[in-house]
Amino acid sequence: MKELYFILVILAGLSIAIQTGVNAQLNVLLKNPVLTSLVSFMVGTLGLLLFILFTDRNALVQQYPNLQTHWWKYTGGLLGAFYISVIVIVAPRLGAATTIGFAVASQLIFAVIFDHFGWLGFPLKEVTLTRILGVALLIAGVYLIRKF
């Protein structure tokens with residue numbers, strides 16, 4: 001079963017690489033990274049709405065008993081909008097590999113920290129020398145991609 005998750009994550013990574021180029025090209029047309037992000041999210045929202053309509057119509061009308069929670073749990077969309085806006089600005093200047101390399105390296109660095117402290121509900125996973133070495137190798141890879 002874990003293999004399926006690995007395949008899904010690989011496909012998600014592929015989609016991010018494609019999305020980087022697609023949104024950069026949309027920004028060439030729209031000439032505004034925030035508007036580009038808005039259009040990107042509107043299309044994504046429409047796609048998710050259609051998916052729900054065709055797979056689980058009840059999800060739109062169910063009563064959720066407890067939507068009151070910490071404010072930060074609702075910021076995922078804003079974080080995504082920030083990410084897309086930055087990528088749209090940066091990718092045409094640095095290239096896809098460098099942009100995604102830096103993004104992935106920073107994601108991994110912070111993911112190791114979040115795991116170590118169990119932040120955001122992640123299971124605790126101690127920082128080990130092996131994990132640090134993995135992050136260091138990824139950073140070295142980003143350096144090599146950028147340098148050559």
Side-chain donor-acceptor distances from residues 85-93 under 3.5 Å, at least two apart:
unit_1, atom_1, unit_2, atom_2, d
Ser85, OG, Ser37, OG, 2.7
Ser85, OG, Ala81, O, 2.9
Arg93, NH1, Ile89, O, 2.5

Taking the side chain as every heavy atom from C-beta outward, state whether [X] and [Y] have any atom pair closer than 4.5 Å.
X: Asn23; Y: Asn27; result: no
X: Phe114; Y: Ile109; result: no
X: Thr45; Y: Leu48; result: no
X: Tyr74; Y: Thr69; result: yes

With a 3.5 Å distance limit and no angle check, can you tell me whether [X] reaches the backbone of [Y] through a side-chain donor-acceptor pair?
X: His116; Y: Val127; answer: yes
X: Ser106; Y: Ala103; answer: yes
X: Ser40; Y: Thr36; answer: no
X: Thr98; Y: Gly95; answer: no
X: Lys73; Y: His70; answer: no

At what distance, to the nearest 0.5 angstrom, does [atom1] of [X] lie from [atom2] of [Y]?
X: Phe6; Y: Glu3; atom1: CZ; atom2: CD; value: 7.0 Å
X: Ile139; Y: Ile132; atom1: CD1; atom2: CD1; value: 10.5 Å
X: Thr20; Y: Leu94; atom1: OG1; atom2: CG; value: 11.5 Å
X: Lys147; Y: Leu144; atom1: NZ; atom2: CG; value: 10.5 Å
X: Leu35; Y: Leu29; atom1: CG; atom2: CG; value: 9.5 Å
X: Phe102; Y: Leu138; atom1: CZ; atom2: CG; value: 10.5 Å

Take a 6.0 Å sphere around [atom1] of [X] and say whether it holds more than 12 heavy atoms from other residues, nucleotides or ligands.
X: Phe82; atom1: CZ; value: no
X: Tyr83; atom1: OH; value: yes
X: Trp72; atom1: CH2; value: yes

Kindly work out whether a path of hydrophobic side-chain contacts (I/L/V/M/F/W/Y, heavy atoms less than 4.5 Å apart) joins [X] to [Y].
X: Ile100; Y: Ile10; answer: no
X: Leu120; Y: Ile113; answer: yes
X: Trp71; Y: Leu79; answer: no

Taking only residues two or more places apart in sequence or in another chain, which ones pass ring pair (Phe, Tyr, Trp, His ring centres under 6.0 Å) with Phe117?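 Ring pair (Phe, Tyr, Trp, His ring centres under 6.0 Å) list for Phe117, sorted by chain: Trp119.
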
Partner residues of Arg131 under the side-chain hydrogen bond (donor to acceptor under 3.5 Å, both in side chains) criterion, sequence neighbours left out: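 Partners of Arg131 by the side-chain hydrogen bond (donor to acceptor under 3.5 Å, both in side chains) criterion, ordered by chain and then number, come out as Asp115.
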
For a side-chain contact (heavy atoms from CB on, under 4.5 Å) with Leu133, tell me which candidate from Thr130, Val135, Leu137 qualifies.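 Result for side-chain contact (heavy atoms from CB on, under 4.5 Å) with Leu133: Leu137.
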
For the pair Val112 and Lys125, evaluate side-chain contact (heavy atoms from CB on, under 4.5 Å) and give the outcome as yes or no after the intermediate values. CA-CA 8 Å; Val112 167; Lys125 286 196 168 237; over 6 Å; no

Check step by step if side-chain contact (heavy atoms from CB on, under 4.5 Å) holds for Phe54 and Leu49. CA-CA 9 Å; Phe54 286 110; Leu49 179 61; over 6 Å; no

